Amino acid sequence: MKHTNDFNTLTAKFQTVFDWFNSLSVLSPDDIKPHTTLHVIVDMINGFVKEGALSSCEVLSINDTVAQFTRFCRSGNIPTIALADEHTHDSTEFSTYPVHCLKGTAESALTDEIAAADPHIRVFGKNSTNGYLEPAVADFIKNSGKSTFIITGDCTDMCVIQFALTLKADCNRRNVPCRVIVPYDLTATCSLPNHDPELAELMALYIMHTNGIEIVTTIGKEPLQ
């Protein structure tokens, strides 16, 4: 039988996911080589954090933590880039989601806390949930000389998972070894109708894990060497 709706069987399968999640560990800074690492922030912009139709308390809750980690990266000579939704009024994405993050508005800008954490952040605009599909982003990644990518931001089950899986798949396609890391405490998923953030985030993390993405609870806040 390929599928089952048996409650006990499904409960056991979910327990396996819960057990995996509860076994996640802290990543030591000693396991990161700054000269080969890039920090990628996904959509920590006002339109998802502080204002607008898709802003949420869940994403707001990680804003200061992501800013802190960005300062941590800066002090350890790990560069940071940021992906930011910036849509035009005729964006076809608005057939799925409410109007949000119009280009040139405050909603499409990094939050003040993130921007202040590293004034050298390079921001790439994107017109879909998958930032890796933007040619400028993919070209930057390919030419960066980096092989370890730490992804933070939102939403875990939308923009983060799509970027992480596409990055990993593209590296595999090109036979380029890469390490993709997603820290649980530096990602978040928003609340939407018929969209439970806790369940959506858990399943997104597990799907990334099964596709070779390294999921950790957090990254130790010790100075990088």
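Here the structure is a predicted model, which means the values were calculated and not measured. These numbers come from the heavy atoms of this one structure, side chains and all, not from hydrogens, waters or symmetry mates.
For the residue pair Glu51 / Asn46, no side-chain donor-acceptor distance below 3.5 Å is found, with atom types taken as modelled.
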Phe94/His89 under ring-ring contact (aromatic ring centres under 6.0 Å, His included): CA gap, chis, key distance, verdict: CA-CA 9 Å; Phe94 296 157; His89 285 279; 7.9 Å; no

* Candidate pair His39 and Phe149, rule ring-ring contact (aromatic ring centres under 6.0 Å, His included), full reasoning -> CA-CA 6 Å; His39 174 212; Phe149 304 91; over 10 Å; no

Carefully, step by step, assess Glu113 and Lys50 under the rule salt bridge (Lys or Arg N to Asp or Glu O under 4.0 Å). CA-CA 12 Å; Glu113 294 79 9; Lys50 297 182 177 181; 2.8 Å; yes

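In this structure, Tyr206 and His209 have tilted ring planes: the angle between them lies in the 30° to 60° band.
Contact check for Ile207 versus Ile161: side-chain heavy atoms found under the 4.5 Å cut-off. For the pair Pro79 and Leu38, the minimum side-chain heavy-atom distance is below 4.5 Å. Taking 4.5 Å as the limit, every side-chain heavy atom of Val180 sits out of range of all side-chain heavy atoms of Phe163.
Between Lys126 and Glu93, no side-chain nitrogen of the basic residue sits less than 4.0 Å from a carboxylate oxygen of the acidic one, so the salt-bridge criterion is not met. Using a cutoff of 4.0 Å between basic side-chain nitrogens and carboxylate oxygens, Asp118 and Arg71 are not scored as salt-bridged.
The aromatic ring centroids of Phe18 and Phe21 lie 6.0 Å or more from each other.
In terms of heavy atoms, Gly220 sits closest to Pro29 at O-CG, 3.1 Å.
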